[in-house]
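Each remark here refers to the structure printed beneath this line.
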Amino acid sequence: MELFEHSASELLEMLRAGTCSSEEITRSIFRRISELEPSLNAYISLSEESALETARQVDRNRAIQIDESPLAGIPIAIKDNICTKGIKTTCASRMLQNFIPPYHATVMERITNAELPVIGKLNMDEFAMGSSTETSFFAQTRNPHDLNRVPGGSSGGAAAAIASGEAIFALGSDTGGSIRQPAAYCGIVGLKPTYGTVSRYGLIAFASSLDQIGPMARTVSDCALLYQLICGKDPRDATSLSSNFHWNLPSLPSVKNLRIGIPSQFFGDGVEKEVCAAVLRGAEYYQSQGAELTEVSLPSVHHALSAYYIISSAEASSNLSRYDGVKYGYRADNPADLQDLYCRSRSEGFGQEVQRRIILGTFALSSGYYEAYYRRAQALRRKLRQEFDEAFQRCDMLLTPTAPDVAFPLGERRNDPLKMYAGDICTIPASMAGLPALSIPCGYSTEGLPIGMQLIGPTFSERLLLETAYFYEQTSGLKEIRPVFRSCGGKEGTK
Amino acid sequence: MMEIDLKKIAALSRLRIDDADYPLLKEQMMQIVLRMEQMPLPEDSQEKFSDAEMILREDNPTPFDTPELLTQNAPKMVDGYFSIPKTVD
């Protein structure tokens, strides 16, 4: 096996045993990238020199037995909406095409202090608005399971890189499903943590009451280890919360007497039958191992999509008003006056989807419509949270599909925003309620495309969700996730 | 059904929409808004989503080590100031 094919946990063992070096791991990743990237487009930028320098430093420290942090030397890739000091951070937008942050995001400070080599910045939907990575200003990322299909979004670059071996693990961000849905489409693991447990300082804002940075990886343990590194209170983020999360599994956890809720609204119209069947097989597997399944109901889920798009667009219209061509970002040439500067800089700097959401958000907040839309959406959000809390009186977690479908063909939904938005129906509810949610692979469609299963828990239940997912991963017989790369038509391509 | 004055909303958003793009954008917006109008009305007058309070830090400014980095991304600077078109004749 090549080094890039191993999980972070396996590589850590190999580093401790001295059977490989951090530099060798990092070079293996870059070789993989040079081979696949012309077809995959998972990255916007690469940092080979600095990654190798960090790797060599870790190897030197290890040679003289300096104590290292738990993940030191394991390369990581970063979604390009997370500020990296001195490294371009573009949000896949013309607006920030040349933006170099003057500071690190808090999560990046933790990553660099822990000495993880940073491979590069990953492609995404522009300003994290999208579910297919098709709105990126730079290039279209493709799904390594079938290059004619989308990887999902907005953390599509991260999912594609991990699934193909172009990254061991990565940081993504999730506002309405942008970690979980691409994780499902690409057959990897992705965690959206409890809102507030990972600092948003340095995450370029889309919708501040919903945005969360989270880990993506090929295994549950890798996800857990990365979450452990990045979580915790940060005085620079007023919404951040303390976390005492620690990942240490001395033995396989048990799911005996675990109460798993099955919310009926996630298995009805709008969710493909094949996806329902695969996810319910996952639920039945847990039941066969001693868990109890309970049907629950979350009626407000029916309107969660609408409420989400009002709230997230309203927050986006406010957050993106800072892009005016003055202090940073794209500036239109030869503006006639100040208004022209603002309007043309924004109209030329933002793509179509971003402009659509800004307009929707401005509309929802405008005089005469605030009551009709924004207040109504907030009320529904509150009700949804109450329904989740009531469900968690009867069960320990909920099990649902991550996405209502599998990865769709490139271009299929580009001109149909409503159809694109409908792809988020399974992920949005947990986002709106601020709850932790984890996606793990649970099977494949008849076309060989991954299907994802989502576990949603009460606040701060990340450990329970990860243990439950770990149990499934280790015992269900689902094939171990190793990097894939299939050319057009789903045929095995260059490996 | 609510009518959307797209030109007004675009102006408020400081966005310029080409005349040719208006019909499609308006149609898409109407479809989205139509779906949103199906949301139930609020049952109470409570404004806040959550009772959690944001804890703000003390308002103590500290110097930024490398102030030149703060303006390195500015499209146009003149004598250390951000430059914009004249607003007053």
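Note on naming: letters A, B, ... go to the chains in the order of the sequence lines (proteins, then strands), and numbering restarts at 1 for each one.
Side-chain atoms of B/Thr87 and A/Asp337 include no donor-acceptor pair closer than 3.5 Å. Residues A/Ser131 and A/Asp424 have side chains that bring a donor and an acceptor to within less than 3.5 angstrom of each other.
Proximity to chain B is absent for every atom of A/Asp324, based on heavy atoms less than 4.5 angstrom apart. There is no contact between B/Leu24 and chain A, counting heavy-atom distances below 4.5 Å. With a 4.5 Å cut-off on non-hydrogen atoms, B/Met39 touches chain A through its backbone and its side chain both. Contacts between A/Pro417 and chain B at a heavy-atom distance below 4.5 Å involve the side chain alone, from C-beta outward. Residue A/Ala364: no heavy atom, backbone or side chain, is found under 4.5 Å from chain B. If you measure heavy-atom distances from A/Ile100 to chain B, the contacts under 4.5 Å come from both the backbone and the side chain. Proximity to chain B is limited to the side chain of A/Leu341, based on heavy atoms less than 4.5 angstrom apart. Both the backbone and the side chain of B/Leu15 come within less than 4.5 Å of a heavy atom in chain A. For A/Leu320, no part lies under 4.5 angstrom from a heavy atom of chain B. Only the side chain of A/Leu418 comes within contact range of chain B, with heavy atoms under 4.5 Å apart. If you measure heavy-atom distances from A/Ser321 to chain B, you find no contacts under 4.5 Å at all.
In summary, the aromatic rings of A/Phe127 and A/Phe350 are positioned with their centroids under 6.0 Å apart. Aromatic rings of A/Tyr373 and A/Phe363 (six-membered ring for Trp) have centroids within the 6.0 Å cut-off, being under it. For A/Tyr328 and B/Phe82, the ring centers sit 6.0 Å or farther from each other. A centroid separation of 6.0 Å or more is found between the aromatic rings of A/Tyr323 and A/Tyr330.
Using a distance-only test at 3.5 Å, with no hydrogens or angles considered, no donor-acceptor pair links the side chain of A/Asp211 to the main chain of A/Ala205. Checking side-chain atoms of A/Arg385 against main-chain N and O of A/Ala433 turns up a donor-acceptor pair under 3.5 Å. Listed for the A/Gln265 side chain is no donor-acceptor partner under 3.5 Å among the backbone atoms of A/Val301. The backbone N or O of A/Phe137 sits nowhere less than 3.5 Å from a side-chain atom of A/Arg94 that would complete a donor-acceptor pair. Side chain of B/Arg14 to main chain of A/Ser347: no donor-acceptor pair is present (N/O by atom type, distance under 3.5 Å, no hydrogens or angles).
The most heavy-atom pairs under 4.5 Å with chain B, out of A/Asp340, A/Val326, A/Ile358, come from A/Val326. When A/Tyr309, A/Phe99, A/Tyr342 are compared by the number of non-hydrogen pairs under 4.5 Å with chain B, A/Phe99 comes out ahead. Interface check for chain B: of the options A/Leu380, A/Thr239, A/Ile310, A/Asp416, the most heavy-atom pairs under 4.5 Å are formed by A/Ile310. Chosen from B/Gln72, B/Glu68, B/Lys86, the residue pairing most often with chain A at heavy-atom distances under 4.5 Å is B/Gln72. When each of B/Lys8, B/Arg16, B/Gln31 is scored by its heavy-atom pairs under 4.5 Å with chain A, the top score falls to B/Arg16.
For residues 352-362 of chain A, every residue pair satisfying the side chain to side chain donor-acceptor pair (under 3.5 Å) rule, not counting sequence neighbours, is listed here: A/Glu353-A/Arg356, A/Glu353-A/Arg357, A/Glu353-A/Tyr421, A/Arg356-B/Gln28, A/Thr362-B/Ser13.
The pair A/Glu109-A/Arg236 counts as a salt bridge, with a side-chain nitrogen and a carboxylate oxygen less than 4.0 angstrom apart.
Each of B/Asp19, B/Asp21, B/Asp18 was compared with B/Lys7 under the salt bridge (charged side-chain N to carboxylate O under 4.0 Å, His left out) criterion, and only B/Asp19 meets it.
Contacts from residues 82-91 of chain A to chain B, taken as heavy-atom pairs separated by less than 4.5 Å, involve A/Lys85 in sequence order.
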